[in-house]
Each structure stands twice: as C-alpha cells, then as structure tokens.
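Everything numeric in this text was worked out from a predicted model, so none of it was measured. Every chain is numbered from 1, with letters handed out A, B, ... down the list of sequences.
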Protein chains: 2
Amino acid sequence: MAVEGRTRSEVLAGQIADEILTGSFVPGMRLDEHMLAERFKVSRTPVREALRQLVATGLIDMQPRRGAHVAAITADRLSELFVAMGEVEATCARLSALSMNPIERRRLQALHQTMAGMVEAGNESDYVEANRQFHVTIYAGAHNATMNDFALTLRRRLDPFRRAQFRAPGRLRQSHAEHERVVTAILAGDSATAHAAMLDHVNLVEDAFDQMSHGGRRAAGSRL
Amino acid sequence: MAVEGRTRSEVLAGQIADEILTGSFVPGMRLDEHMLAERFKVSRTPVREALRQLVATGLIDMQPRRGAHVAAITADRLSELFVAMGEVEATCARLSALSMNPIERRRLQALHQTMAGMVEAGNESDYVEANRQFHVTIYAGAHNATMNDFALTLRRRLDPFRRAQFRAPGRLRQSHAEHERVVTAILAGDSATAHAAMLDHVNLVEDAFDQMSHGGRRAAGSRL
DNA sequence: TTTCTAATATTTGTATGCAATATTTCTGTA
DNA sequence: TACAGAAATATTGCATACAAATATTAGAAA
C-alpha cells in the first residue's frame, strides 16, 4: 500500500467504489461491515468511514441501523441522471462561451481538431479518452468550481453506462459533428447556441445508450 | 431530543451545522474532535462520523491527520456559488416549464397569488418563508431528483448570506414582480423564457446581497 | 398449515484505548 | 537574538469491546 497522505478509509472508499463500478458488488447488495472489514483486512471503523464517504457520491445508500446497500438504480432514475447530466453539461458550455479565456479557447479548438484525425483513422480508444478530455475542458472553462464538481460527479456516475456508446456504427463521426457545433458556438461566445448544441449532443448520447441497451445485451442497464 | 430513527451522529451533524451557520463556529476555525465530544457530551466516534457527513455538505474541510476546519469561503468562491445557484435554479425553471403537471402548475400559481397579498401587507417574515417554498416548488417541478438535490444543497449553503436580502426597501415588491415573469413562463410552458427570467431573478438577489454587504456591515461576507 | 409471539442471533451504533502523525516547545548553537 | 534540531505534547487514525436495535427463526396456538 504505502500511499502517503491517504488514510486507510480513503483507500478503502476507492476500493469499494471500484468493486461497485466493475460489477463485483451488484446493485441492491447489502454491504455488511464485517464482510468488508474481513475482505479488506481492516477493522470496522475505517469501513464505516469509507461508507460515509461513498454515500456522498451516490454509489451507496445508508439507513440508520439498517446498513448500507449498493444503490440500485432504476431505469427512471438513470434517465433522470442523463437529463441532469445534459443540463449541467449544457450550462457549462454556456458559461464556457462567456468565460473562457483566449488560451482555453485555443486549447479546445486544438483538441477538437486532433479528434478529427482520430475519427478519420477510426481510432476508437483514443477518441474515447479525447472525448472525456473534451468534456472536462468545457467543465473547467466554465470557471465555476461548483458546476465543475457537479459535472464531474455526474460523469463518474454515468461512466459505466457509457462505456459502449462509441461502438455503434458511425457514432464517432456523428459525435465529432455535434462537437463541431459546440466548439463553434463557444469560440464565437454565443452562449445560447452553445447551451442548445451541448444539450442536443448529450441527449443523443443517451439515445445511443438506449439503443445499445435495448437492442444489445441488457447487462449494462442493471450494472450499477 | 428523543428523535427516533435518527442516530446520534446525525443529530450531531445538524447541531454542528447550526453552530457554523449561526456563526458560533467561525470560518477557518479548527474543529477539534475532543472539544466537540466534550461540548455535546458524546464520544469521539459519533463526532468523527458527523464530520464526515458535513464534509459532503461543503460546510467543513478535512485533511488527513490535520483535522477538520470550518470551510473558509472567499469572496470569489461565494460569487461562484451564486452563479451556480442561478444556473441551477434557471435549469429547474426550464424543466418545470416542460414537466410540471396541471396540479403543480395550479399550486405554483396559487402560491404566487398568496405572496401578492404578503407584499401588499408588507409581511416580510411570511414572505421569506413563502419565497423559500416558491423556489422549492420549482425544484420539485423539474421532476429530477438530481437537479433537486443540487438546488437544495446550494440553497442551504447560501442561506446564511441571504437572510437579510428582503430588508432592502422595495425588495419585496421587486421580488414578486420577478416571480411573475417566471410563473407566467412556466405556466405557458415557455422553457426558454422561464430559464432567462429565473436567471435574472437570482442574479438580482446576488446584487441585492452585494449592496447589503458593502453598504452595510461586512460581517455576512466572512461569516461562512 | 398458517400466523402471531417470543427468544435468539445478527448487525449496527457508540465508547474507550492504543498507535501513528503532526504541532509545539525547548534547548543549543551560530 | 535568531534559527535549527530534538524532545514533548496534542490530535488524529485505527482496533477492539460493549450496548442497542433490528432481523430471523423457532414454537405455540388457532
């Protein structure tokens, strides 16, 4: 271990989060404190503190004297999360159009151009990473720590449901075209259009997910 | 006390939050676990759990092995919070315009009309409470638990800075006029206007606060 | 067989004590 | 006197033990 500066309960929180995100701990599963303490070779005290931290992320639920459970996400709740994600992303795009400084605008433009190359090359894995960076850049461009936190939290939460989105044929090219509208609006300082364009983009991502999960394997829908 | 179903650490979290919000625990103040345990007559364990919970609300900071401190808010950070609040409220208004059912729309309208009477009567304290309800109604009308949570969190966080806002002469009447635009847009299902109107409203609240805190006592600015 | 009750067992909440780390104070030297 | 290093002190992190509450199961009565 030997991670300095991090306390055992923090490391634990990360480990438990991983188990949930990778599906080892399935939704609705009871998270027994003794079990966790045993599994990770610590006492119940750091386990309890880790659970408290995880409640804040929305990954687990806790009720007094009834323990912790992996948050079971319903289709409705998932849909709500996608809506919220869209709204928050759109807001960040709006604020970015208003607040980004010249350097940030240049960086965004450069990143977007780099991604064009990945689309041509059909390089999916690079595009996925660049896409994440694209969105995070826009969160940061809003110059608002609170909105930035909201956006990152939602992104983390929805990540497992988004993994496969770029598998859909033509999705890469379409995504890039949607980004194009967003980037153009932000660079032009057109906040209203930036908002609308980003909202469309994220909604389309949700649609893509819907198609995946209905047409393909239903597994993803019940994973978190 | 004797609140059933609530655990000691939860009650504690509320008590500590109160001390912070009322100004007994000033920003930057070290929250020593022994001190808190002594003060509230419990052991350090529930104190620690309460502190973990409070970190999530943003009311306190914790660093490994360096303890908890009351979050010291800078003017910049406060300004950011107001911006975020405005964006989130505006988004809720937007979604409410799209999603409120007939009953909710009627309720919102009724509440707004009731508030007109309070303005006429100059009944400040009732208006403050009704105002809170007005905004919470719009959060709920968005039919999105995530946005609702964001909005409530921000409201709680900014509450201490907003206490005195309605003291400004004519502010009651102005507030109600701004609400009028929001309500009309929501009832008409005009999401874009609802968004814009709410954004204006909240920004004006921030302006009112600025005037208060510069013109009047500076205390509020350093309270949280 | 089913249902209600009571006893048992499991699990969470809290207290206390020890170990590890950070902070403060003291002492010696430049 | 000021500064650096070391010892002392204080405070947090973790483990263990016990108390309180909930869930489960066994048994009796209908």
Side-chain angles (χ1 to χ4, degrees), chain A residues 1-20 24-73, chain B residues 1-20 24-73:
Chain A
M1 224 121 298
V3 185
E4 75 175 53
R6 297 213 342 171
T7 166
R8 210 155 304 192
S9 69
E10 281 181 79
V11 176
L12 247 182
Q15 289 175 314
I16 295 172
D18 276 349
E19 300 278 4
I20 295 174
S24 302
F25 293 169
V26 297
M29 174 177 167
R30 173 82 170 266
L31 292 176
D32 181 86
E33 297 177 0
H34 286 108
M35 179 270 284
L36 294 171
E38 171 77 12
R39 193 185 225 273
F40 296 108
K41 304 296 174 196
V42 294
S43 86
R44 274 178 54 226
T45 307
V47 169
R48 288 175 63 81
E49 304 209 343
L51 291 179
R52 289 270 178 220
Q53 291 175 253
L54 289 174
V55 167
T57 73
L59 237 49
I60 69 171
D61 297 324
M62 282 185 89
Q63 285 179 297
R65 311 206 177 264
R66 308 196 54 175
H69 295 259
V70 177
I73 205 161
Chain B
M1 221 128 291
V3 186
E4 74 176 53
R6 298 220 326 175
T7 164
R8 210 157 302 193
S9 68
E10 281 182 78
V11 176
L12 248 181
Q15 289 175 314
I16 296 171
D18 276 350
E19 299 279 2
I20 294 173
S24 302
F25 292 168
V26 298
M29 173 177 169
R30 173 82 169 265
L31 292 176
D32 181 84
E33 297 178 0
H34 285 108
M35 179 271 283
L36 294 171
E38 171 76 15
R39 192 186 229 272
F40 296 108
K41 303 298 175 197
V42 294
S43 86
R44 277 178 52 229
T45 307
V47 169
R48 288 174 63 80
E49 304 212 342
L51 292 178
R52 289 273 177 215
Q53 291 175 254
L54 289 174
V55 167
T57 72
L59 235 50
I60 69 172
D61 297 325
M62 282 185 89
Q63 285 179 296
R65 310 201 180 270
R66 308 194 54 175
H69 295 259
V70 177
I73 204 161

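Considering CZ of A:F40 and CE of A:M35, their distance stands at 8.0 Å, rounded to 0.5 Å. One distance of note links CD1 of B:I60 with CD1 of B:I16; it measures 7.0 Å at 0.5 Å rounding. Put simply, CZ on B:R48 and OG on A:S9 are 7.5 Å apart, with the number rounded to the nearest 0.5 Å. A distance of 5.5 Å separates CD1 of A:I20 from CG of A:L31, quoted to the nearest 0.5 Å. To the nearest 0.5 Å, atoms CE (B:M29) and NE2 (B:H69) are separated by 11.0 Å. Rounding to the nearest 0.5 Å gives a distance of 11.5 Å between CZ of A:R8 and OG1 of A:T45.
For the pair A:V70/A:V26, no side-chain contact is recorded, criterion being any heavy-atom separation below 4.5 Å from C-beta on. Side chains of B:F25 and B:L36 form a contact here, defined as non-hydrogen atoms less than 4.5 Å apart.
Under the side-chain contact (heavy atoms from CB on, under 4.5 Å) test applied with B:R44, the options B:H34, B:E49, B:E38 reduce to a single match, B:H34.
Put simply, CE on A:M62 is 10 Å from C1' on C:dG13, counting in whole angstrom units. Atom-to-atom, CD of B:E33 to C1' of C:dG17 comes out at 15 Å; the value is rounded to the nearest Å. Between B:R8 atom CZ and C:dT16 atom C1' the separation is 15 Å, expressed in whole Å.
Summarising the geometry of B:L54 relative to B:A13, their closest heavy-atom pair is CD2-O, 3.6 Å, with the distance given to 0.1 Å.
A 4.0 Å heavy-atom criterion places the boundary nucleotides of DNA chain D facing chain A at D:dG13 to D:dA23, written 5' to 3'.
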Reading nucleotides 19-24 of chain C from 5' to 3' and marking B where a protein heavy atom lies under 4.0 Å of the base, S where only the sugar-phosphate is that close, and - otherwise, the string is --SSS-

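A heavy atom lying under 4.0 Å from DNA chain C marks the following residues of residues 37-47 of chain B, by number: B:V42, B:S43, B:R44, B:T45, B:P46.
Considering only side-chain N and O atoms, B:T7 lies under 4.0 angstrom from the phosphate OP1 or OP2 of C:dT14.
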